[in-house]
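Please read the structure below before turning to the comments.
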Amino acid sequence: YDERVLTKLLKNYRSHPGILALPNELFYDNELQACADDDLVSAMQRWEHLPPPARERGFPLIFHGVEGEEEREATSPSWFNREEIAVVL
């Protein structure tokens, strides 16, 4: 990391500390600081629909596989997946 060329952002205001732990160790030399509002990022830790291991550990993260097709509108460089949107909403 060269301070003359890059700015290293060290404060994260959006994520649960448990989600930041791995990238903090692998890419930030443990300098990354979890600064999000604890009430906000911890609100779903005991959500009844979390798988039991995640709920017991208080780790609010679910990996949910969705089969669908990536689409892109002709005038946009961005891709989207209608099936994923339907599951999230």
Side-chain angles (χ1 to χ4, degrees):
Y1 159 67
D2 186 343
E3 292 178 358
R4 298 172 296 164
V5 198
L6 298 171
T7 298
K8 189 175 186 182
L9 301 177
L10 298 176
K11 294 186 178 189
N12 180 293
Y13 292 93
R14 297 189 292 182
S15 302
H16 185 276
I19 294 171
L20 295 176
L22 183 61
N24 192 18
E25 181 180 330
L26 294 176
F27 307 112
Y28 288 87
D29 296 322
N30 293 310
E31 294 178 305
L32 188 58
Q33 300 168 38
C35 298
D37 181 304
D38 191 53
D39 290 337
L40 181 64
V41 297
S42 299
M44 302 304 288
Q45 283 183 235
R46 305 283 181 226
W47 183 47
E48 65 185 86
H49 299 291
L50 279 174
R55 191 172 53 247
E56 291 160 8
R57 292 186 194 118
F59 193 76
L61 182 65
I62 297 174
F63 290 97
H64 184 89
V66 177
E67 290 188 33
E69 293 186 31
E70 298 294 322
E71 301 177 55
R72 185 172 72 176
E73 295 177 349
T75 59
S76 174
S78 300
W79 292 85
F80 61 94
N81 183 315
R82 292 179 197 271
E83 287 79 12
E84 289 177 351
I85 293 167
V87 169
V88 171
L89 297 178

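All values below come from the heavy atoms of this structure, side chains included, with hydrogens, waters and symmetry mates left out.
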Checklist outcome for this item: Taken to the nearest 0.5 Å, the spacing of Glu83 CD from Glu70 CD works out to 9.5 Å
Checklist outcome for this item: In terms of heavy-atom contacts, Ala36 and Val41 come closest through CB-CG1, 3.5 Å
Checklist entry - If you round to the nearest 0.5 Å, how far is CD of Glu67 from CG of Asn81? => result 10.5 Å
Next on the checklist: Return the CG to CG distance between Leu20 and Asn12, rounded to the nearest 0.5 Å.
Outcome noted: 4.5 Å
Checklist entry - Which salt bridge (Lys or Arg N to Asp or Glu O under 4.0 Å) pairs, counting each pair once, include a residue from residues 35-48, with sequence neighbours left out? => result none
Checklist outcome for this item: Residue set satisfying ring pair (Phe, Tyr, Trp, His ring centres under 6.0 Å) with His64, at least two apart, ordered chain then number -> none
Checklist entry - Are Leu22 and Phe27 co-members of a hydrophobic cluster defined by side-chain heavy atoms under 4.5 Å apart? => result yes
Item to check | same_hphob_cluster(Leu89, Phe80) at 4.5 Å side-chain heavy-atom cutoff | outcome: yes
Next on the checklist: Other members of the hydrophobic cluster containing Leu9, with the 4.5 Å side-chain heavy-atom rule, please.
Outcome noted: none
Checklist entry - Listed by chain and number, what are the side chain to side chain donor-acceptor pair (under 3.5 Å) partners of Arg55, not counting sequence neighbours? => result none
Check residues 72-79 and write down every donor-acceptor pair under 3.5 Å in which the side-chain atom is one partner and the other belongs to a residue at least two apart or another chain.
from  : atom 1 : to    : atom 2 : distance (Å)
Ser76 : OG     : Ser78 : N      : 3.1

Checklist outcome for this item: CD1 (Ile19) and CG (Asn24) are apart, to the nearest 0.5 Å, by 13.5 Å
Next on the checklist: Measuring from atom CG of Asn30 to atom CD of Glu25, what distance do you get when rounded to the nearest 0.5 angstrom?
Outcome noted: 6.0 Å
Checklist outcome for this item: Rounded to the nearest 0.5 Å, the CG atom of Leu10 sits from the CG atom of Asp29 at a distance of 10.0 Å
Checklist entry - Does Glu71 have any salt bridge (Lys or Arg N to Asp or Glu O under 4.0 Å) partners at least two apart in sequence or in another chain, and if so, which? => result Arg82
